[in-house]
Every structure is written in structure tokens, then in C-alpha cells.
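Have a look at the structure below before the remarks.
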Amino acid sequence: MSLNPAQTAAVETLSGPLLVLAGAGTGKTRVVTYRISRLIQSGVRPSRILAVTFTNKAAREMQTRITELLGRRGGNHAAKKSADGGVDGKRKEKPEISTFHSLCVRILRRHITRLGYPARFAIYDRGDQESVARQVLKEIKVNTGALKPGDLLYRISRWKCEAKRPEHLDDPRFGAKDYLAALAYRRYQKTLKTLGAVDFDDLLLLTEELFQRHPEALEEEAGRFDHLLVDEYQDTNMSQYRIVKDLAGKHRNLCVVGDDDQAIYGWRGAEVTHILGFQKDWPEAKVVRLEENYRSTRQIIEWANRVITFNATRHAKRLRSTIDGEPPRILQCKDGETEAKTVVRQIKTRLETTKRQPKDFAVLFRTNEQPRALEMEFRAAKIPYTLIGGQSFFDRKEVRDIFAYLKVLNRPRDEVALLRILNTPPRGIGQSSVQKLLESSLAASVSVWDVVKAATERGDFPGSAVAGTAVETAAETAVERAVETTVEARYAADLSPKTIGALRSFRSLIDEYREKLSRNFSAETLSELIERIGYRGEIDRLYADPNERSTRWESLGEVVNAAAAYVNENEQPDLQGFLDDTSLAGSDFASGKEKTSAKNSVTLMTLHAAKGLEFLEVYMVGMEEGMLPHHRSLAAEDDVSAVDEERRLCYVGITRAGRRLTLTMALERMKWGKPRPTVPSRFLYEITGQSRHPNYRKAIAGEAPTEPTR
DNA sequence: GACTCGAGTCCCGCC
DNA sequence: GACTCGAGTC
């Protein structure tokens, strides 16, 4: 297949700022990958090219395609081999393709000490954040009624996404809750810093701050690349926008790709204005529009075009397709269960009667609770499926525990992690002892780990001062020595000899594996560690049900697998890198990374996660008011723009489908324990050109339809 | 202050 | 359905 004129223009514009307005399915990925390989052919060193995507999945996909392309064109055998997991290819120089977050992690690892954080900063996930939030609220004596941890985190995240730091928050119009939250935000930020931790939003915020306050760091980082490419530019938030500007400011070889109709991340601070104002920021920018759709049938595109025109504020454009196919369908089911059964049964039939494979199908939904019913049906029908999204894997206790171990091994001063594992599995360090350790750490203002060390070093213990110190920095040892005297003298006496013994063996365990893992990070050492701490016994102790035991044990197996995959994929694997990778990978790591994408299975995912992907056959389930559009968007004050974003979400869903699209809804759905009647989504009327139908108004008003629809 | 009980609410989406 | 919160009770 050759490139059309617009695509060619985008591919061949090799220098200077370039804006590619690419509608859904217009060969954006192709253009991007061709352009990168053209750059390389024209003599640009691969390692001087940086491409930034939004998701890991997108990054991996791009990496694979470029490797294939280069292998095919340049006869580069090594590169080709690496595409199917070979070892030879990985030494080959590659363009850097990463998500914003992993890019920022790498930058911060090199420079964050300038901002007063330790180089081995921890990245806190939702669970860690929550425990910090809880602590903060306790400290400022807010009763839980006034502000809940979740509520606080939600506000903090919003502020951070808008690049607002605590000092920007003294708006006199603030209500009591916002005022409290702003207060807590300040404290929260301070606490994280003390703990040497950052949350996801900080990754962007701190990188931006770094560039602002330390031009030399910016110069170094910007100087690594001569070409910058940003995918899904419509979804950049303030920090990302500034980071891009900073990085590309000098060489100005910036290519951004996006589509304002697919802006679906407004809720995390994304600003469509960034893509709309690109030419203002880069006056010499070239603009290329891609409108020829190669993915979907004419009938599917017709639906997409129809629904999106209901958004008032957008760039006028109209996708075109020349592929002919069958009209999309809308299925009404009795209830949620029937809906799941119907979808699965239809996929089964398609698998049996056509040449389609499981990987050609996707079921898309709005929220993460929707797939439950589907999963059951897929399992019953024995159709392989992959559930993407939801943080559930990292929410599992056993996974969190093992990662807490790894975090402590990486940096013993990681307080949250240390407190989690100190007595997990139980080793005789009870609540009251932990309390004492905490008090000592507070009183001496040192970390809990320092207290543990001081407490265990009392008396003579030949052989207990193990190798751990080898990996400490000089500064850390100095602190440590100061700590020992104060802490030890004051508090260690409070602990019982039994507790001290337990602490001692805990410490030598940590020291031992710290040394082992820093010398050689491997999956074997990890599973040895799991064995050593007796986690198997812990699972048996906690769960009576043999089924549960084996699933829990298996999820630890997944962690070990992930470690093996990580080691396999990286030239210089280390614990830090593994932790970075996994904390950024989110859910897609749980199922074994690359292997899953190669696995032939039906994909189940949210509409958000589906952006940028395509499938021959797509099912969009739960097309009801309250679901899509989601009720939260209906309640918002800025009503219109919130619903517009839901509509774009619907548009994204529709345009994922190549050949066959099915929208389903249930007439009745279990909600909060009771079956409730539903209202068909307003988008269904818009899509089918029935916006004059009386039921359309009813749907918008949230009322049941009164007259028969088509 | 520890408890029961009923009323009211419903943490969207992701790295 | 599950969970929290606050009123009411002992």
C-alpha cells in the first residue's frame, strides 16, 4: 500500500515543527513510523530521536513497527530478530520511544537530587498515596467527615494536572473543603518529599520544575535528541505541554500528531487548546491533515461522523472511507446478564462461522465494573480473553506485599513499604513494637529503618553487620552513624530481647537480599526471596480455600514472570529499573506484557484504554444514559463540555471498529443491588439520525422512552 | 463510649 | 449490595 499525498507530506517533512491533524483510522501510526524510519535513512542517528506516547501499549506497538520497518527496508537482520524477542537485536541502536511518565522518570533519576529528593526516589501508587493522605489528614486533625482521603487525593490530582502547586492555592473563593484540601495538599507534598517519594502527577510536575529551575539540566536533557515526536497531542496537560516546549525549543524539530475529536482526557487536565494553538507556539509550523480513513467501512464512518457533529466546538472535518460493509447494529437486551451472554454468544458464532480469530474482537465499555459479567461468560464459553485496565492486580495484598519487599530492598528508607512488611509474614514484631519504632524515628527525626538498624546493632553480634553497607552511599553512612548514638541510647532499651532478635533477623534478611539483588537482579533471586520469607506459608495461613490459595500464589508467579521478562528486555536490568517499569506499566504488566499482545484473545477494555487501537469487530456495551454518557458528566456544572467529552469517547469507540460494529444496551440493569430500568443513551439517537425523535429529548432528561424507536 | 440500626451514598476514565 | 455516618440507646 502506498502513501496518499497528505501522508507523504507528513512523512517527508523531516525538519522543523509539524502538526499532523490525523482523524481516526487515517494511517497515523503508519505515518509516524514511516517518518521515523525516513529520518533514520536520511542519516539521523536512531538514538537522537525521541517519540513520546501516552500509553505503554502504544509505545510498544510503535517500537515493534519501527523495528519491523527498519528490518525490512535496510536489511537489518539484528533489528528484525529483536522484534520476535531475540537477544541479538537489543544491542542495536534504537530510537527512544516512551511514555511521558517513563521519560520523566528517567530524567528525574538523573537530576532529582537538585530538587532535594533522593536519587532513588520511590514512585507512589494509589495505595501508597492513600496511606499518606490518611496520615496527613490525621496530622492536621481533620475528621474524616470533612474530607476523606480519596476526596483529598482527587483534588490534589486535579490541581497537579493543572500544574498548580500548593502555593498557587490561596483563592479567596475557596469553599471550606477546598481550603482544607489545599492545606492538606501542602502537607501531603511535604510528607512525600520527606519520604523521598513522588506520586504519578509529580513525575511531570517535578520534571517541569527541574527544567525551570535548572537550565543546565534542561540543556543536558534536550541535548540528547535532535527530533521529538509527540503522539496524541490533544491529550497533553499543562506540564506535558511545557516539557515538550522545553525539550524541542532548541532544535525545533517537533512533530505532534493528534485529533481534537479524540480528546478524552480533559478530566486529568488535558487541554485541546494545545493542539489548536500549535501554530501560535511554532509559527513556522507546517500543518498536514489526514482525512482519508483506511480502517473502517463507510457505514461505520457515517455513524462516527454523525455523532461527533453534535459537538459544537470542534474543527470542521469529515472522515471519508471507501470500504463498503454491513451497517452497524444496535442490540437491545433484557438485562445486563443477557447483554453479556448475547455478546459472547455472537462472538462464539463468528469464531465458528467465519475466519475471524479471537484477537480480531474487542468489547469496549465505559467503566471498569462492567466487564465482570462478560468475564464470566467468556470463561463459560471457553473463549480466551484479555482484560486490560483496572489496577486490580496491584491491589492484591500478596502483590503489594512482595513489591513492598522490593521497594525496601531498593531503598530501606522507604517508610510506607517498610512498615508494610516489617511484620508480614508475622515474625514477632507486633503492633506495640512498631509503635515504639515509629516514636523513636519521630523523636530522633530519622527514618524507621535507621531506628531498626540502631536497635539491632546494640550488643555484640558477630556476623550481623553484613554486606548491606556496601551499597550505601557515604552520606547515608554518615547519617547512620549519627543516628545510631541518639536513637540507640534513647529508645532501643524499650524493646524486648525477643523483638530485637526478630528485628535482627529481619535486618539481616534485608541486607542479604539487598546485596544479592544489587549484584544481580534476576527472577531466580526474586522467587528465592519469596520462598525465604515464607510467603507460601502465609498464604496458606490466611486463606482456607484451596482455590484462593492457588490464585494468590499464581499472582506471585506473575510477579516473578514479569521480573524475568524485564531482565530479558533490558541491557542492564536492576531492581530500580524493574520497580520503575512495573509501577508505570499499570495493569498491562500483570498479564505478562508482550506475550499477551501476541496472545490470540478477545480484548476487553475501557473506551479510554482503546484509544489508538483497532479491531475488526467491536462491541460497545452499556449504551445507556448514566453509563455513556456517564452520570458524573451529567451532574457537572459545566454540563455541556463534560457531555461533549463523553461524546468524543463514544466517537473513539466507534472508530476502533474496522468491519463490524455492534452497540448493545440493556433495558434493565442491576444497580446498587436492585434491577433498575435504564434509558437508552442519547448517542444512540444521534448516531442513527433520530435526534428529532421525541425519545431523544426524554433520554436527555433522563426519562424512559415512551414511543417505539426503530 | 460502644453498640445497633436505618438512611443515604455510590471513589468514572489512566500513567 | 456494601459501606459509612449519625442518631438513638444502654
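Every value quoted in this text rests on a predicted model; they were computed, and no experiment measured them. Numbers restart at 1 for each chain; the letters A, B, ... are given by sequence-line order, proteins then strands. All heavy atoms count here, side chains included; hydrogens, waters and symmetry mates do not.
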**OP:** May I have the distance from A:Arg126 (atom CZ) to B:dC12 (atom P), rounded to whole angstrom?
**Re:** 10 Å
Original post:
C:dC5 C1' sits how many Å from A:Asp151 CG, rounded?
Top reply: 15 Å
Original post:
Can A:Tyr265 be said to stack with the base of B:dG13, given centres closer than 5.5 angstrom and planes under 30 degrees apart?
Top reply: no
**OP:** For A:Thr55, report the nucleic acid contact type (base, sugar-phosphate, nothing); a contact means any heavy atom under 4.0 Å.
**Re:** sugar-phosphate
**OP:** Using a 4.0 Å heavy-atom cut-off across all strands, classify A:Phe100 as base, sugar-phosphate, or nothing.
**Re:** nothing
**OP:** For the residue pair A:Phe521 and A:Phe578, categorise the inter-ring angle as parallel (less than 30°), tilted (30 to 60°) or perpendicular (more than 60°).
**Re:** tilted
Original post:
So, is A:Ser583 close to the B:dC15 phosphate, meaning a side-chain N or O under 4.0 Å from OP1 or OP2?
Top reply: no
Original post:
Do the charged groups of A:Arg242 and A:Asp246 touch, with an N to O distance under 4.0 Å?
Top reply: no
Original post:
Distance check: side-chain N/O of A:Asn56 vs OP1/OP2 of B:dC14, anything under 4.0 Å?
Top reply: no
Original post:
What nucleotide, of B:dC15, B:dG13, B:dC12, holds the atom closest to the side chain of A:Tyr154?
Top reply: B:dG13
**OP:** Whole angstrom is fine here: how far is it from NZ in A:Lys674 over to C1' in B:dA7?
**Re:** 12 Å
Original post:
What is the distance from CG of A:Leu604 to C1' of B:dG13, rounded to the nearest Å?
Top reply: 16 Å
**OP:** Return the 5'-most residue of the pair A:Arg268, A:Arg676 with respect to DNA chain B, ranking by each residue's nearest nucleotide.
**Re:** A:Arg676
Original post:
What integer distance in Å separates A:Glu625:CD from B:dC12:C1'?
Top reply: 15 Å
Original post:
For A:His630 and B:dC12, is the gap between ring centres under 5.5 Å while the planes differ by less than 30°?
Top reply: yes
Original post:
So which nucleotide from B:dC11, B:dC15, B:dG13 ends up closest to the side chain of A:Arg632?
Top reply: B:dC11
Subject >> A:Glu232 and A:Gln234: side chain donor to acceptor below 3.5 Å >> reply: yes
Subject >> Distance, rounded to the nearest Å, where A:Met605 contributes CE and B:dC15 contributes P >> reply: 11 Å
Original post:
CG of A:Asp231 versus P of B:dC15: gap in Å, rounded?
Top reply: 14 Å
**OP:** Measure the acute angle between the ring planes of A:His101 and A:Phe200, then classify it against the limits of 30° and 60° as parallel, tilted or perpendicular.
**Re:** perpendicular
**OP:** For C:dT4 and B:dC11, measure between their P atoms and round to the nearest Å.
**Re:** 14 Å
**OP:** Return the nearest nucleotide to the side chain of A:His631; candidates are B:dC15, B:dC11, B:dG13.
**Re:** B:dC11
**OP:** Examine the base of C:dG1 for any acceptor or donor lying under 3.5 Å from a partner atom in the side chain of A:Trp672, and report the outcome as yes or no.
**Re:** no
**OP:** Provide, to the nearest angstrom, the distance between the NE2 atom belonging to A:His608 and the C1' atom belonging to B:dC14.
**Re:** 8 Å
**OP:** Classify the angle between the aromatic ring planes of A:Phe54 and A:Tyr265 as parallel (below 30°), tilted (30 to 60°) or perpendicular (above 60°).
**Re:** parallel
